[in-house]
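Worksheet: one structure, shown below.
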Amino acid sequence: NITLKYGAERIGKRTDQPMQDWRNYGLGQFIHWGVYAIPGGHWNGKYYAGAAEWIRSWEGMPNEAYDNLYKEFNPKNFNANAWAKQAKELGAKYVIITTKHHDGFCLWPSEYTDYTIANTPYKKDIIGALVEAYDKQGIDVYLYFSIIDWNHFGYKSKLVTDKDRTDYEVFKEFTRNQLIELLTRYPETKGLWFDGTWDAAWKEQASYVYDLDKELREMIPGLIIGSRFRPDDYGNRHFDANGNMMGDYEQGWERKMPNTIEEVHGNDWDCVMTIPENQWGYHSDWRGHVKTSNELIEMLVKAVALDGNFVLNFGPDGLGTIRKEETKLAKQVGEWMKVNSTAIYNCGYLDWEKQDWGYFTTNRITQEKYMVVFNQPISGVYTVKTKKGVSIEKAYLLDNPGLELSIEKTYNNEFLIQYNPENHPEEPFVMVIETNKDQ
Ligand SMILES: C#C[C@@H]1N[C@@H](C)[C@@H](O)[C@H]1O
């Protein structure tokens, strides 16, 4: 074991109520919105193939042009209540909202820079409106904050000269001031989702970030911060030099997912996911694969089945409208959740052997067990291998409890549930299984 001053603050999961609530969300919504939504992945008639929120870094987009876009930011269709209502219908239990992305543009009227919503034609506090609207819908609010800030003179990706270092000290104080300002203005905030912490300059700041982390947590008791914030004494991120996770949950699953419970190392984690292959901010021309509702539902169930949360991203356009493709998917996933969220909310990993037909989830409070089916066996036979001494006594469809399914026990503690629906289900469905013990 290596002695660390700034390594993991805890081994194992946080057990306090705010973290238990976080663990039981299942489904969240990510909102990426900012001035990058104005160009929407194009400039001067040219198509930008990268992630739209990174367009400023593209050689086809002059920095000067980008840095003046805020002067035309006037989202006249923006309606915070409509966004929050749609999130409610989606079934999201929490939302992560970009306060400031890598470009440094602030969606709240920060007093520490002029590069904010206050100096746009729109003027009004977007973050305040969203916090209020989501709060009203009973959806917990988390704030995304990018440490990278291309607009601030003191931001450096690496520290080479003495001037870099003195400038960076100014940037560190600016970062601290903005974070304190956000938690002061929006005390309803349940947590911070940090991004842009991969720079060499930031990885040298273990003691400053350790102290800032502590200061922010003291401002809001129970505040939840993931693994993408602090570097350890040696610049390691997410996991310290001893392999222990820093922060309250792992933030390493961006546009990807674990396949086994071993890969999550007993930690809480979230998967943040785009609908197209790699667009967080608004891009008017999605290319490549755009996920269907059934693909997204499978990712959601897989995340919950492996003790994680699934956070689906939405990128509103430059006028504040959530695009039709996202609205359609929110509706489809929401309709599935209306019938099947019993297998999602308050649920997590069941340590029975994974089967080909889909995923097990179990309610952490009631111990009720679910089988979420994605791959219907032609045979109609669903194999379930329980733990020793645990037998299945009843099985039925979540949306048709009256129809009990036949169960056969085989020689080696295997149970075969028979289900041959009249017609092929068009969507994943849930079976409820009752056992003799709460294991
Ligand atoms: C890379 C990168 C960033 N991390 C995702 C959550 C988006 O914000 C993307 O721009």
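Just so you know, ligand 1 is whichever comes first in the structure, and atom 1 is the first atom listed for that ligand.
R217 has a carboxylate O that lies under 4.0 Å from a charged side-chain N of E9, or vice versa, which qualifies the two as a salt bridge. At a threshold of 4.0 Å, the pair E298-K302 does not count as salt-bridged, since none of the basic side-chain nitrogens sits closer than that to a carboxylate oxygen.
Between H32 and ligand 1, at least one pair of N/O atoms sits closer than 3.5 Å. Looking at W54 next to ligand 1, an N or O pair under 3.5 Å apart turns up.
Looking only at protein heavy atoms, the nearest one to atom 9 (C) of ligand 1 is E53 OE2, 3.4 Å. Summary of contacts: the protein heavy atom closest to atom 5 (C) of ligand 1 is E254 OE2, 3.3 Å.
Under the 30°/60° scheme for interplanar angles, the aromatic rings of F30 and H32 are found to be tilted. Relative orientation of the F73 and F105 rings is perpendicular, given thresholds of 30° and 60° on the angle between their planes.
Counting only N and O atoms by type, the side chains of D103 and Y66 include a donor and acceptor under 3.5 Å apart.
Within the structure, the closest approach of D195 to ligand 1 falls below 4.0 Å when heavy atoms are considered.
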